[in-house]
Peer 1: 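First, the structure itself, so that you have it in front of you.
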Amino acid sequence: MYYAEPDFQRIKPWGSIGDRKNDGYIPSKGIYFQVYAPEDIHKSPANAVKKLESDFSGLLEKWEGVK
């Protein structure tokens with residue numbers, strides 16, 4: 001993303017606060033990225049949906065300007 005979008009900001013998890021549900025973002029566009037990569041998503045699609053909803057809610061709580 002860094003090469004495709006010069007404004008892309010990488011997020012590194014630090015200590016107990018982690019990445020605050022943000023794996024990288026483009027502040028000028030309000031675009032945020034979250035990555036979830038279980039080995040086999042087919043084992044539990046319900047867990048994947050639950051994590052997606054939880055992580056997105058956390059992103060909205062911790063970051064401003066999400067579009």
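Worth knowing before you read on, the calculation uses all heavy atoms, side chains too, and leaves out hydrogens, waters and symmetry mates. None of these values were measured; they are calculated from a predicted model.
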Peer 1: What residues form a side-chain hydrogen bond (donor to acceptor under 3.5 Å, both in side chains) with S44, not counting sequence neighbours?
Peer 2: N47
Peer 1: Answer with yes or no whether the hydrophobic clustering places V35 together with F8; edges join I, L, V, M, F, W, Y residues whose side-chain heavy atoms lie under 4.5 Å apart.
Peer 2: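 Hydrophobic grouping puts V35 apart from F8.
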Peer 1: Using the side-chain hydrogen bond (donor to acceptor under 3.5 Å, both in side chains) rule, collect all pairs that involve residues 34-43, keeping only residues at least two apart or in two chains.
Peer 2: none
Peer 1: Other hydrophobic cluster members with L59, side-chain heavy atoms of Ile/Leu/Val/Met/Phe/Trp/Tyr under 4.5 Å, chained?
Peer 2: I11, Y25, Y32, F56, L60, W63, V66
Peer 1: Restricting to non-hydrogen atoms, name the atom on P6 and the atom on A4 that form the minimum distance, rounded to 0.1 Å.
Peer 2: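 Closest heavy-atom pair between P6 and A4: CD-O, 3.9 Å.
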Peer 1: Please enumerate all residues that pass side-chain contact (heavy atoms from CB on, under 4.5 Å) together with I41, with sequence neighbours excluded.
Peer 2: P38, A48
Peer 1: Going by side-chain contact (heavy atoms from CB on, under 4.5 Å), name the residues that satisfy it together with S28, two or more places apart in sequence or in a different chain.
Peer 2: D7, I26
Peer 1: Can you see which heavy atom on E5 is nearest to which on K29, and at what distance?
Peer 2: OE2-NZ, 3.0 Å
Peer 1: Which residue pairs pass the salt bridge (Lys or Arg N to Asp or Glu O under 4.0 Å) test when at least one of the two sits in residues 52-62, sequence neighbours left out?
Peer 2: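 As it turns out, the salt bridge (Lys or Arg N to Asp or Glu O under 4.0 Å) pairs with a partner in residues 52-62, which skip direct neighbours, are K21-D55, K51-D55.
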Peer 1: Would the number of heavy atoms belonging to other residues, nucleotides or ligands and lying under 6.0 Å from CZ of R20 be above 12?
Peer 2: yes
